[in-house]
Amino acid sequence: MYQGFDILKILHKISILLIILIALLITACNVNSRYDSEFFAMDTVMTVTAYGSESEAAVKAVEKEINRIDTLFSVQNKNSDIYKLNKEKSLSASADTIELINRSITISSITDGAFDITVEPLVRAWGFYSGLENTVPAQNVIDNELKRIGMQHITINDSVVVLDKDTSVDLGAIAKGYASSRVKQILRDNNISSAVASIGGNVRTVGTKPDGSKWTVAIADPDDNSLQAGVISVSDKAVVTSGGYQRYFEKDGNIYHHIINPKTGYPANEGLKSVTVISDDDTFADALSTSLFVMGLEQAKHFCKQYSSDFDAVLISDDNKIYITENLKNDFSSQKSFEVITD
Amino acid sequence: MKNHIWIIIFSAVIALCAAIWMVMQVTYPATKIIGIYHNGSLVEKIDLNTVTDEREIKLSDENGENVILISHGCVRMKSADCPDKICVNHGELTSSVSPIVCLPHRVIIKFENADDLIDVKTGA
C-alpha cells in the first residue's frame, strides 16, 4: 500500500513535468516562429528566412529596404542615382550612393585596382547588360575603353559625385554586398537573432540557428553548381562567392565570363574558377570576392595572408584545387582535398 | 495493485502510439512537395510522389513562356524562350537550396518541405 502511494506520487510529478514541458514547447514554437520570403530585386532572386516572434515584420522591412536600394544603384533604371550620374556626370547623390562610392574607392586602393567601378564601358562592350547582345569586342575597342577606366576619374565633394566626361560607373560588384549589410542591420533592429538571407547568392547569416548551432553554407561547385564544392559553418557572417561560371557566353569554342579585369579589358583569367570570402563586413566581402578573382590565384593567396585578420576565403583554382585560409580549418569541410594557405 | 494497472495502461498507450506511427510511416511515405511560383505568386503546389502521369505546366505572359515538366518524383524546366536558358540547363530539381529559377520570366520552382542538411548556398 505504501509502495502504491509512492508510485501515485511519482506519476503525479511526471504529469506535472509533462504539462510544464508542453507549455515550454508551445512557448518555444512561438518564439522561434519562422517566416520565409522569396522575391525578385536587383536583377536577381532574394530569399530571407528569419526566426522569432517579430520575424514577419522584420522580413517585410527587409523587402522594403532592398527595393529602395534597387532604385538607387541600377545601371539601367532611368530613375537610379547611378543611371543619372553616368548620364549627367555630376550628381547630388543619396547618402547610400556616396557611402558606396567611397567604399569602392577605398577597396580599389587596397586591391591595387583589381576592384574598379569605372569598368562599366568594358562590361557594356562585352554585352553583359540585359538587352545587349554578348560580343567579343575588337582589340581597338578594348584599347579605347581602357583609357576611360580608373578610379582617379571619380571625385566626391560632400554629397556631390563628379565623373570625368568619358567615365561611367557600375556598382554591380559591390551593391549586393551593401544590400546584404542593410539586411543584417534591419533584422537586428527588429530584434531578430536568428536569420539567413541569400541576396542573389550573397549569403548573410544573423546569429546562429534557433538550436544554437552554426549555419551550414554550401559553396557551389564551379563545374556543376547544382553540386557543392565544400561547406562552411558560420554564424553572424557574410559569405560571398564570385566565379566566372555564374554568367558567361560561348563564342567560337571559347568561354567569356562577366568578371572583366579592369587592367586588361578581358574576362579575368588568372587561374581561379571561384572565390568565396567570409567576413563580418558584407560590402567588403562582395567587392573582395570579385577583386581576388581578378587578381588570380597567386596574388589572391598573397592578399589572403596579408589581410588574414580581416576576412577568410576559399579559393578554387582552374585545376580544381581548393585553398582555404587558416582560420577556416575547423569550419570548412569538403569531399575533395584542400590546402591551407600558410606563410 | 490498482496503480500497477495504471502503469500497464500507460505503457500500452505509448506502445500503441509507436505502432500507429510506424504503420503511418510505411503506409504514407515522406512527401516531396514542390511549389511553382510566377511573378511572386504561387501557381501550384504538387507532391511529386503522388504524380502518376507525366504532365506539362505552361506559364506565359508578356515576359515570355516557360514549360515545366512534372513526372513521378521529378520536376524540370522543359523549355523556355528566355535568352540565357539557365532554368532549362538546371535540369531536375534535386535540392532545396538550389531552386530552378528563370530570372527573366520570374519563375521559381522549389521544394516546399526542405530536408537538406545545408541551410543556404553561395555562388549558385
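Lettering of chains follows the sequences in order, A, B, ..., and the numbering in each one begins at 1.
- Of the listed residues S130(A), A229(A), A197(A), G201(A), the one with more heavy-atom pairs under 4.5 angstrom with chain B than any other is G201(A).
- Inter-residue side-chain proximity for Q228(A) and I118(B) is flagged as met; some heavy-atom pair is nearer than 4.5 Å.
- For V239(A), the parts lying near chain B are the backbone and the side chain together; criterion is any non-hydrogen pair under 4.5 Å.
- A donor-acceptor distance shorter than 3.5 angstrom exists from the side chain of T216(A) to the backbone of L117(B), with no hydrogens or angles considered.
- Using a 4.5 Å heavy-atom cutoff, the side chains of F40(A) and L103(B) are in contact.
- Taking each heavy atom of K121(B) and S198(A) in turn, the nearest pair found is O-OG, 4.5 Å.
- With a 4.5 angstrom heavy-atom cutoff, V231(A) touches chain B only via side-chain atoms.
- Contacts of I199(A) with chain B are absent, with no heavy-atom separation under 4.5 Å from either backbone or side chain.
- Between the side chain of T122(B) and the backbone N or O of V203(A), no donor-acceptor pair lies under 3.5 Å.
- Looking at K209(A), its side chain never comes within 3.5 Å of a backbone N or O of D119(B) through a donor-acceptor pair.
- Using a 4.5 Å cut-off between heavy atoms, D43(A) touches chain B through its backbone atoms (N, CA, C, O) alone.
- Note that the CG atom of D84(B) and the CG atom of N134(A) stand 10.0 Å from one another [nearest 0.5 Å].
- Within a 6.0 Å radius of CZ in F39(A), more than 12 heavy atoms belonging to other residues, nucleotides or ligands are found.
- In this structure, the portion of V101(B) lying under 4.5 Å from any heavy atom of chain A is its side chain and not its backbone.
- For chain B, no part of F249(A) is nearby; none of its heavy atoms comes within less than 4.5 Å.
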